[in-house]
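Right, one structure below, let's go through it.
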Amino acid sequence: MSFILVRSLLCQENCPEWISAEGRITSDTPARLRKMLKKIGGRKLPVVFRSEGGDVDAAYAMGRMIRKAGLETAVGGTRLKVCPVGDTRCEAAIAKDGSSGGYTYSAGAYCFSACPLALAGGVSRVSSQWAFIGVHQITTVYNKVRVSYRIEYKIENGKKKEISRKEVGRKVAGQSSSTKLGKKATTALTAYLKEMGVSEDVIGLMMSATPDNINIVPATEALRTGLITDMLSYNEWPGMPLCAPDAMAEAVCHSHPVAEAPVVAKAPVSQAPVQDAATETSEKLPKTQPMDFLLMSNGNCREECTQWISADGDITPDTPARLKAMLTTLGERKLPIVLQSNGGDMDAAFVMGRMIRAAGLETSIGRTQLPNCPKLDPRCKASIAKSGPTEGEVFAGRAYCLSSCTLVLMSGTPRIVGYSSIGLVRPTTAEYTRFFAYFDEMGVNAEAYETMMFATSIERGTILRSQALKFGIVNGIIPYDEKPGLHVCGPEAKESLRCPRKAEAETVPVAASVN
């Protein structure tokens with residue numbers, strides 16, 4: 001593994017920098033990392049890993065160095081300026097001081113074997129749905145050595161007593177290996193994971209794959225176990241630093257604290273003040289309107305066309321009646337509901353959630369775009385079908401489900417999210433009891449959310465996907481190659497791999513082997 005200090009080429013000023021760490025982890029890798037950390041001084045730069053793994057003890061040492069330095073980690077590859085596709089970190093692009101300019105990518109990047117142990121050292125650690133984290137059994141190699149000594153003795157009272165011992169020869173006598181975790185190895189691994197705040201469940205994931213295979217860890221498992229603390233959104237890239245709590249909307253960082261979605265000035269759930277930045281944004285985005293429901297069909301297919309219910313707009317007292325009318329029209333058909341809303345009436349959201357749970361429907365977040373509609377009016381009346389489903393597309397990027405919309409989202413079975421914003425406000429004193437009683441009814445961890453809620457002064461904002469998974473607000477991540485509502489197929493779809501009859505909240509990438 002080698003380390004390169006890289007400055008982003010995707011900006012002109014205040015450009016982010018990161019440490020690109022690529023290659024196999026060997027016994028001397030920690031020394032190289034220490035040299036790089038000494039070079040950057042006290043600067044908190046992310047470490048971006050792309051590695052097939054290697055020496056476990058070296059990975060432990062690297063992780064501890066990264067944690068002590070307070071650095072972030074990410075899974076991603078780095079492509080330096082002027083380098084060809086086949087040699088993305090070519091020597092010609094690296095300056096004499098070991099620095100370069102370039103950009104990172106997620107697609108096809110990987111962190112396998114011992115690499116996730118080094119990755120775990122990050123104070124925050126992120127990956128993308130286009131990148132892979134993989135683990136397998138630890139192989140312990142035993143080297144057998146035959147050692148020859150010259151020993152001098154003397155006889156005292158008829159007994160032989162050793163006077164001196166000197167090694168005179170050493171010869172390799174073979175080698176053996178084992179994938180069984182001995183007591184010493186288990187203790188070291190368990191202690192390291194605990195030190196890094198990673199669940200011991202990772203050990204089970206490791207032991208489920210032999211050394212010549214790799215167990216690709218799904219995004220939900222990586223988040224649940226703490227191997228990563230968040231997923232990068234569609235417009236974020238490895239090497240971006242974590243946003244500060246007061247980061248401006250234009251700051252180049254990941255996990256922005258404020259949603260880039262229009263905000264309703266007066267939401268019945270809470271009287272929280274509207275952010276100035278959000279107010280400015282809302283003038284450039286579609287005007288809000290009461291939630292309506294459209295039966296949609298994928299407009300970019302010829303066979304196996306999927307269908308979903310698009311629920312878009314503010315939740316008002318009469319929204320549950322509109323939802324009930326849609327469900328009555330569908331009969332027993334179980335189509336997913338794709339939400340995009342600023343929220344609204346809390347009691348109406350409770351009613352909607354209970355209706356969706358009773359019907360056993362899936363929920364997700366997504367923007368529905370009808371053909372020939374302008375961006376500021378993506379659901380223009382001219383493109384809505386007079387009868388039957390309306391053709392269109394759905395996207396997770398820049399979609400949002402804020403305030404009481406999240407109460408509806410958490411009713412789905414399953415409830416999944418992609419690259420979308422989730423937001424939930426603090427209830428008023430009068431709403432408190434009913435608010436958390438609903439959490440319990442939907443199987444969401446009310447106590448954990450309540451603890452998080454009172455630990456922050458933020459009245460309105462987004463919830464990280466890792467938090468949403470932890471609390472149970474969502475229970476799955478939409479795979480990168482799918483869209484909201486599209487992986488549950490309509491009634492006319494044929495049985496196929498692309499269109500299975502049984503919906504899965506998480507698709508696990510095909511296992512890859514380590515070179």
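When reading the values below, keep in mind they use all heavy atoms of this one structure, side chains included, and skip hydrogens, waters and symmetry mates.
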Quick check on K194: does its NZ atom have over 12 non-hydrogen neighbours (other residues, nucleotides or ligands) under 6.0 Å away?
no
E72 side chain to L45 main-chain N or O, any donor-acceptor pair under 3.5 Å?
no
ring-ring contact (aromatic ring centres under 6.0 Å, His included) with Y438: which residues, sequence neighbours excluded?
F350
Enter the distance from E22:CD to I4:CD1 here, rounded to the nearest 0.5 Å.
7.5 Å
Treating K44 as the side-chain partner and A69 as the backbone partner, does any N or O pair qualify as donor plus acceptor under 3.5 Å?
yes
Sub-4.5 Å side-chain heavy-atom contact between I40 and I19
yes
Here the pair of heavy atoms bringing M207 nearest to Q137 is O-NE2, 3.1 Å
Is there a donor-acceptor contact under 3.5 Å from the side chain of S106 to the main chain of A131?
no
List the steps, then state whether salt bridge (charged side-chain N to carboxylate O under 4.0 Å, His left out) holds for R224 with D201.
CA-CA 9 Å; R224 184 187 68 81; D201 292 349; 2.9 Å; yes
Report yes or no: does R67 contribute a side-chain atom to a donor-acceptor pair with the main-chain N or O of G122 at less than 3.5 Å?
yes
Are a donor atom and an acceptor atom from the side chains of H136 and S113 found within less than 3.5 Å of each other?
yes
As an exercise, state the distance from CD1 of I133 to OG of S127, rounded to the nearest 0.5 Å.
4.5 Å
Looking at C401, is its backbone amide N or carbonyl O close enough to the side chain of T406 to form a donor-acceptor pair, meaning the two atoms are under 3.5 Å apart?
yes
Is a side-chain N or O of S99 found less than 3.5 angstrom from the main chain of A95, in a donor-acceptor match?
no
Which residues pass the side chain to side chain donor-acceptor pair (under 3.5 Å) test with S208, sequence neighbours left out?
N215
Using the side chain to side chain donor-acceptor pair (under 3.5 Å) criterion, which residues pair with S310? Sequence neighbours excluded.
T368, R379
Going by side-chain hydrogen bond (donor to acceptor under 3.5 Å, both in side chains), name the pairs with one or both residues in residues 76-89, residues two or more places apart or in two chains.
S2-R89, W18-T78, S20-T78, S20-R89
Only counting residues at least two apart or in another chain, list the ones meeting salt bridge (Lys or Arg N to Asp or Glu O under 4.0 Å) with E152.
none
Distance-only, no hydrogens or angles: does the R125 side chain make a donor-acceptor pair with backbone N or O of D230 under 3.5 Å?
no
Taking every heavy atom of A58 against every heavy atom of I25, the minimum-distance pair comes out as CB-CG2, 3.7 Å
Using side-chain heavy atoms (C-beta onward) and a distance below 4.5 Å, is Q369 in contact with V394?
no
For G76 and A109, which heavy atoms make the closest approach, and how far apart are they?
CA-CB, 3.6 Å
Side chains of S403 and L424: does their closest heavy-atom pair fall under 4.5 Å?
no
Within-4.5 Å side-chain heavy-atom neighbours: S164 and Y149:
no
Any side-chain heavy-atom pair from M36 and K39 closer than 4.5 angstrom?
yes
Judged by atom type as modelled, is there a donor-acceptor pair below 3.5 Å linking the side chain of S420 to the main-chain atoms of V417?
no
Which residues pass the salt bridge (Lys or Arg N to Asp or Glu O under 4.0 Å) test with E17, not counting sequence neighbours?
R43
With the side chain counted from C-beta on, respond yes when V126 and I228 share a heavy-atom pair under 4.5 Å apart, and no when they do not.
no
Straight-line distance of L9 CG to T104 OG1, nearest 0.5 Å:
11.0 Å
Do side-chain atoms of R357 reach the backbone of T413 as a donor and acceptor pair under 3.5 angstrom?
no
Within 45° of the ring axis of F3 and under 6.0 Å from its six-membered ring centre, is that where the NZ or CZ of R32 lies?
no
Taking only residues two or more places apart in sequence, or in another chain, which ones meet D440 in a salt bridge (Lys or Arg N to Asp or Glu O under 4.0 Å)?
none
Among pairs that include at least one residue of residues 30-50, which meet ring pair (Phe, Tyr, Trp, His ring centres under 6.0 Å), considering only residues two or more places apart or in two chains?
none
Which heavy atom of I365 sits nearest to which heavy atom of S421, and what is that distance?
CD1-O, 3.9 Å
Minimum-distance pair of heavy atoms, taken over all atoms of A114 and A59
O-CB, 3.4 Å
Donor-acceptor pair, side chain of N475 and main chain of R415, under 3.5 angstrom:
yes
Pairing residues for R170 by the side chain to side chain donor-acceptor pair (under 3.5 Å) criterion, not counting sequence neighbours
E167
Once side chain to side chain donor-acceptor pair (under 3.5 Å) is applied, do any residues pair with R146, and if so which ones, sequence neighbours excluded?
none
What residues form a ring-ring contact (aromatic ring centres under 6.0 Å, His included) with Y192, not counting sequence neighbours?
Y60
Please tell me if the side chains of V202 and L193 come closer than 4.5 Å, counting only heavy atoms from C-beta onward.
yes
For a 4.5 angstrom cut-off between non-hydrogen side-chain atoms, does S51 reach Y110?
no
Using only heavy-atom distances, determine whether the side chains of T26 and T29 contain a donor-acceptor pair under 3.5 Å.
yes
Any idea which heavy atoms bring V198 and A120 closest together, and the distance?
CG2-CB, 4.0 Å
Selection residues 108-144 - residue pairs positive for disulfide (SG to SG under 2.5 Å), sequence neighbours left out:
C111-C115
Matching residue for V474 among T363, V444, L409 - test: side chain to side chain contact (heavy atoms under 4.5 Å, CB included)
L409
Take E195 and R64, measure what salt bridge (charged side-chain N to carboxylate O under 4.0 Å, His left out) needs, and give me the verdict at the end.
CA-CA 9 Å; E195 181 182 346; R64 290 187 170 108; 3.0 Å; yes
